[in-house]
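Scroll down for the structure; my scribbles are underneath it.
One-based numbering, in listed order, for ligands and for the atoms of each. For the single chain, residues carry numbers from 1 onward in sequence order. Everything numeric here is computed off the predicted structure, so don't read it as measured data.
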Amino acid sequence: MQQKDSFRHKGLRNRLVQELMQKRIVDRHVLEAIGKVPRHLFLESSFINFAYQDKAFPIGAGQTISQPYTVALQSQLLEVEPGEKVLEVGTGSGYQAAVLIEMGVKLFSIERQSELYQRSTRLLRELGYQGRFFLGDGYEGLEAQAPFDKIIVTAGAPFIPRKLLTQIKIGGIMVIPLGDKKQVLTRITRLDDDEFEQEQIEECAFVPMLNGIV
Ligand code: SAH
């Protein structure tokens, strides 16, 4: 894996940021984070030349690194503030995690595939991104660390995982793609103990959220 960042990569990132602005990503903190995180290091080497196109790519183990637009949109919908506790379901390549850490949150992330878990935690450590990473089943959330200000699910969930709902702080937000083959990106705000508000944002396509650890 290429471990260098260069002026060329920085230039490509600036172009990507411009493209995201045209696609109506307006949160300055999200755009700044995307301008900083070296996305090319999160892809398999054969895809390095494509790292700053606004596309999803395979990362091995049948999984994909989300499209930059999707990462940006989900991050924007979370409305994170520095210091907030955020739970991510689906560490995958670690790219979304790096963007959120760059935005100053205390990140907790769960991945169910050991191969990806090992690869992404090592990379994030090498790049100096500090968070807490768990091999586990995202349907369970992280009971011991709950509640969270924000929860971001980066795999398509066939239904709203009940345990995740209970791990959102009152006033907190969960952003989750809901549906089987295609999903609708949905924002859920916890208004009170048993009161939730749901907003459907737009259609999207994620790899499925599956059960158990492999
Ligand atoms: N956030 C990632 C996106 C990876 S794709 C990135 O920036 O690259 C979705 C990831 O969710 C995959 O790595 C998949 O293995 C993982 N996943 C699917 N179901 C899961 C579950 N129940 N618990 C934890 N991770 C899950």
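In terms of polar-atom proximity, defined here as any N/O pair under 3.5 Å, Val207 makes no such contact with ligand 1. Ligand 1 has no N or O atom lying under 3.5 Å from any N or O atom of Ile59, backbone or side chain.
In terms of hydrophobic clustering, with Ile, Leu, Val, Met, Phe, Trp and Tyr side chains grouped at heavy-atom distances under 4.5 Å, Leu73 and Tyr52 are assigned to a common cluster.
Residue contacts with ligand 1 for Pro208 involve N, CA, C or O but no side-chain atom from C-beta outward (heavy atoms, distance under 4.0 Å). Looking at Gln63 against ligand 1, only its side chain comes within 4.0 Å, counting heavy atoms.
Between the side chains of Glu111 and Thr91, no donor-acceptor pair of N or O atoms lies under 3.5 Å.
With Ile188 as reference, Met174 is the one residue of Met174, Glu199, Glu197 to meet the side chain to side chain contact (heavy atoms under 4.5 Å, CB included) rule.
Listed by atom number, the atoms of ligand 1 under 4.0 Å from Ser66 heavy atoms are 3 (C). Applying the 4.0 Å criterion to heavy atoms of Thr91 picks out, from ligand 1, the atoms 1 (N), 2 (C), 6 (C), 8 (O). Interface atoms of ligand 1 facing Glu88, defined by a heavy-atom separation under 4.0 Å, are 1 (N). Ligand-side atoms of ligand 1 in range of Gly90: 1 (N), 2 (C), 3 (C), 10 (C), 11 (O), 16 (C), 25 (N), range being under 4.0 angstrom from any heavy atom. Taking every non-hydrogen atom of Leu116 and a distance limit under 4.0 Å, the qualifying atoms of ligand 1 come out as 13 (O). Listed by number with element, the atoms of ligand 1 under 4.0 Å from a non-hydrogen atom of Thr154 are 1 (N), 2 (C), 3 (C), 5 (S), 9 (C). Less than 4.0 angstrom separates some heavy atom of Gly138 from each of these atoms of ligand 1: 21 (C), 22 (N), 23 (N), 24 (C). Ligand 1 places these atoms under 4.0 Å from at least one heavy atom of Met209: 18 (C), 19 (N), 22 (N).
Two rings, from Tyr117 and Phe133, have their centers 6.0 Å or more apart. Residues Tyr139 and Phe159 bring their aromatic ring centres within 6.0 Å.
The protein heavy-atom contact nearest to atom 15 (O) of ligand 1 is Glu111 OE2, 2.6 Å. Of the protein's non-hydrogen atoms, the one nearest atom 4 (C) of ligand 1 is Thr64 O, 3.2 Å. The protein heavy-atom contact nearest to atom 8 (O) of ligand 1 is Ser93 OG, 2.7 Å. Atom 22 (N) of ligand 1 has as its closest protein heavy atom Leu210 O, 2.6 Å. What sits closest to atom 7 (O) of ligand 1 on the protein, heavy atoms only, is Gln96 N, 3.1 Å. The nearest heavy-atom contact from the protein to atom 20 (C) of ligand 1 is Arg112 CD, 3.3 Å.
Residues Met209 and Pro177 fail the side-chain proximity criterion, which asks for heavy atoms closer than 4.5 Å. The closest side-chain heavy-atom distance from Phe47 to Ile59 is not below 4.5 Å.
Heavy-atom neighbours of Glu202 CD from other residues, nucleotides or ligands within 6.0 Å: above the threshold of 12.
Minimum heavy-atom separation, Val80 to Met103: CG2-CE, 3.4 Å.
At least one cation-pi condition fails for Arg190 and Phe196: the charged atom is not both under 6.0 angstrom from the six-membered ring centre and inside a 45 degree cone around its axis.
Ligand 1 lies nowhere less than 4.0 angstrom from a heavy atom belonging to Ser120. Ligand 1 lies less than 4.0 angstrom from a heavy atom belonging to Gly136.
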